[in-house]
Amino acid sequence: VLLHDEVKQAFTEHRSVVCHDAKPFMRSLMADGIDLSFLTLDTAIAAYLINPSKSSYSLASVCGEFLGAEPTGSMESDGTFDFGGTDISAQSCAEAAVFVSRLAPVVLAGLADIHNESLYADIENPLVHVLAKMESAGIAVDTAALLSIKDRLTAETQELTQLLHSIAGKTFNVNSPTQLREILYTDRGLAPGKKTKTGFSTDAATLEKLHDQWPEFIGPLLRYREVEKLRSTYGEGLLHEIAPDGRIHATFNQTVARTGRLSSDQPNLHNIPVRSDEGKVFRTAFVAPKGCSLLVADYNQIELRCIAHLANDPGLISAFAAGEDIHNATAARVFGVALGEVTADQRSKAKMVSYGLAYGMEAYGLSQRLSIGVDEASVILKAYFEAFPNVKKYMDDAIVEARRTGYTETLFGRRRQIPELLSDNFRVRQAGERQAMNAAIQGLAADIFKIALVRIDKLLTEKDFLSRVVLQVHDEVIVEVPDSEKEVVGPLILDTMRGAADLSVPFEVNAAWGDTWASAKG
DNA sequence: GCGATCAGCC
DNA sequence: TTTAATGCTGATCGCA
């Protein structure tokens, strides 16, 4: 309190601030009404751009790497101020500051070496402030709705537990793979499927295969797994994260994902269920406050569009340019039928290939996904690459280039080192090849999305809108919009997303309004 | 405390 | 020949 004015003055008057991991610090200043808007360098993020594959970007580890020396004091970097005035904290803060100032020129030179100055200055640096605002804003939650969802799930897990105990003829911990193993493979004597490091697997794919051998047990078990996941992770988990203001303030990490994507924790809002109707109800608990609506806008097929552009594949480009249903158009080409003759089965297979494509999928993976034989999957993949030869060439070239240079690069210069390509281990090397194919694609999509996010925030701020971005999920942005601003802000967001980059294919953005995240998703 | 297993999303 | 999807986070178990 005593230092408040001095702090405010220091961070509003100085036109340049260098910081290591600025976002928590920005957030804590924001809570005090201080807007740290003159960040010029975040040394943690610079270190991440130079090599995004490190497990830690703590001040100590980055100093260790770039300076060959680490601060000796222990300074917690939770972004809060310690005005306790102990000599130890003052000492270690001072020491940290000295290290950050030594670090700055070194990481700046590192950015220059890999031509990442504008990736940093135009995208990552402004993004810090945008994310700090998103985290501070949080998203409103309907606690009562969440409680009732959780209660319903809890009742069902209890019933299922009883049922499973009675069928097994003993009580056991249904959550324990070890105890399940004993019941399935020892007591019941089922023929085990695949193995894990510690024994036979009990995962869903394995249980599906065993289902017919003991349906009255395995059926409820699969159901239990599903319900318990929802109950514990999303029911209990989300309830614990609701702040006193009735909102969830997740953290969006800018130095975690090796592809350039953001990640989310405390809680992770990037994996809220959407595929099953039952899981999707959790999205009804994410709401717009009174007088506001949620705008949910997401890029349609952004990674496939990135592939079309990067591979410069005429088939994909013309399908996107014509605004065709891309999976339908893909299926028509792959299976050699007319656009109107594509069956639902062909479309779904083409869709799975397209999704898998970005992940460097091989025949085996596709066969698992589609529940077909490996040979049939190979035929489909082969047909795909014949229909889209430039895509095949792009993937092959990506591996060769990454092996030659040791890294991949996105259109915006985001690098990812892939040392796995040189591994003696076949399995590791193959994983490296998949990463080499995937990194430039997923990374480009991430670059584009970040550009859109920064521009959206800039527009909303400059024009003094009350609308604010409250959440992002990789290719989707959720904006809380006062009803009076809907007509103006809606088109503004969509235009900004569509114009975030200029590729050889257009971007399509789906948008929906709603009172909750679920209804908006339609 | 930590690795392993499982499962949610893009 | 091998293995068996990119990238994440979290709940839980069970051993240390």
Side-chain angles (χ1 to χ4, degrees), chain A residues 52-53 172-181 194-207 221-222 224-238 240-241 250-253 255-276 278-280 282-283 298-299 301-304 306-307 352-370 374 377 381 395 398 408 416 418 423-443 445-446 449 472-476:
Chain A
S53 302
F172 65 101
N173 185 344
V174 190
N175 288 330
S176 163
T178 311
Q179 295 178 38
L180 270 175
R181 222 171 264 152
K194 68 178 177 188
K195 275 188 292 193
T196 66
K197 282 182 183 173
T198 57
F200 296 115
S201 175
T202 68
D203 68 11
T206 304
L207 293 177
L221 174 57
L222 286 165
Y224 174 88
R225 280 262 175 84
E226 194 180 345
V227 177
E228 171 63 7
K229 172 76 177 183
L230 297 175
R231 185 200 66 78
S232 62
T233 303
Y234 304 107
E236 298 284 359
L238 291 177
H240 285 129
E241 299 291 349
T251 305
F252 296 97
N253 305 301
T255 58
V256 173
R258 286 171 292 190
T259 52
R261 275 187 173 181
L262 299 174
S263 76
S264 161
D265 64 6
Q266 287 186 299
N268 181 359
L269 295 182
H270 285 169
N271 68 347
I272 304 301
V274 67
R275 289 169 195 174
S276 73
E278 220 170 4
K280 210 192 282 187
F282 282 102
R283 296 186 177 222
D298 70 294
Y299 282 107
Q301 302 292 343
I302 190 167
E303 290 189 356
L304 260 189
C306 289
I307 292 174
M352 208 51 84
V353 175
S354 295
Y355 274 115
L357 203 63
Y359 305 151
M361 180 180 58
E362 282 156 16
Y364 180 85
L366 182 64
S367 74
Q368 294 295 298
R369 284 280 157 158
L370 291 174
V374 179
L381 268 184
M395 297 292 182
T408 66
R416 174 176 178 184
I418 308 187
S423 169
D424 293 333
N425 183 316
F426 175 82
R427 193 178 154 284
V428 173
R429 209 163 55 239
Q430 288 246 312
E433 292 179 358
R434 288 194 294 272
Q435 289 161 10
M437 291 187 275
N438 171 259
I441 300 164
Q442 197 178 108
F449 187 83
Q472 70 79 224
V473 190
H474 304 309
D475 60 0
E476 169 180 345

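Chain identifiers are assigned alphabetically (A, B, ...) following the order of the sequence lines, protein sequences preceding nucleic acid strands; residue numbering begins at 1 within each chain. Reckoned from all heavy atoms, side chains included, excluding hydrogens, waters and symmetry mates.
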What's the closest nucleotide to the side chain of [X] if the choices are [options]?
| X | options | value |
| --- | --- | --- |
| A/Asn271 | B/dC9, B/dA7, B/dT5 | B/dC9 |
| A/Ser201 | B/dC6, C/dT6, B/dC10 | B/dC6 |
| A/Arg225 | B/dC6, B/dT5, C/dG7 | B/dC6 |
| A/Asn268 | B/dA4, B/dC10, B/dG8 | B/dG8 |
| A/Ser176 | C/dC13, C/dC8, B/dG8 | C/dC13 |
| A/Pro273 | B/dA4, B/dC9, B/dA7 | B/dC9 |
| A/Asp203 | B/dC6, C/dC13, C/dG7 | B/dC6 |
| A/Arg258 | C/dC8, C/dT3, B/dA4 | C/dC8 |
| A/Ser232 | C/dT9, C/dA11, B/dC9 | C/dA11 |

May I have the distance from [X] (atom [atom1]) to [N] (atom [atom2]), rounded to whole angstrom?
| X | N | atom1 | atom2 | answer |
| --- | --- | --- | --- | --- |
| A/Arg231 | C/dT12 | CZ | C1' | 11 Å |
| A/Lys195 | C/dA4 | NZ | C1' | 16 Å |
| A/Glu241 | C/dG10 | CD | P | 8 Å |
| A/Ile441 | B/dC10 | CD1 | C1' | 14 Å |
| A/Tyr364 | C/dT1 | OH | C1' | 16 Å |
| A/Leu230 | C/dT9 | CG | C1' | 16 Å |
| A/Asp475 | C/dT6 | CG | C1' | 14 Å |

Please state whether the phosphate of [N], meaning OP1 or OP2, lies under 4.0 angstrom from any side-chain nitrogen or oxygen of [X].
| X | N | value |
| --- | --- | --- |
| A/Ser263 | C/dT9 | yes |
| A/Thr202 | B/dC6 | yes |
| A/Gln179 | C/dG14 | yes |
| A/Arg434 | C/dT6 | yes |
| A/Thr233 | C/dA11 | no |

Go through the N and O atoms of the side chain of [X] and the base of [N], and report whether any donor-acceptor pair is under 3.5 Å.
| X | N | result |
| --- | --- | --- |
| A/Arg275 | B/dC9 | no |
| A/Arg369 | C/dA5 | yes |
| A/Gln435 | C/dT6 | no |

Of A/Gln442 and A/Glu228, the one whose nearest nucleotide on DNA chain C sits closer to the 5' end is A/Gln442
Would you check, one step at a time, whether the test side chain to side chain contact (heavy atoms under 4.5 Å, CB included) holds for A/Arg434 with A/Met361? CA-CA 7 Å; A/Arg434 288 194 294 272; A/Met361 180 180 58; over 6 Å; no
Any side-chain to backbone donor/acceptor pair from [X] onto [Y]? Under 3.5 Å, distance only.
| X | Y | value |
| --- | --- | --- |
| A/Asn438 | A/Ala358 | yes |
| A/Tyr234 | A/Asn271 | yes |
| A/His270 | A/Gln472 | yes |

Work out how far the P atom of C/dA4 is from that of B/dT5, and round it to whole angstrom.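 Roughly 12 Å separates the two P atoms.
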If I compare all heavy atoms of A/Leu366 with all of A/Ala377, which pair ends up nearest, and what's the gap? CD2-O, 3.8 Å
Heavy-atom pair of closest approach, residues A/Ile302 and A/Ala445: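 For A/Ile302 versus A/Ala445, the nearest heavy atoms are CG2-CB, 4.1 Å.
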Under 4.0 Å, heavy atoms only, any strand: does A/Ile272 hit a base, just the sugar-phosphate, or nothing? sugar-phosphate
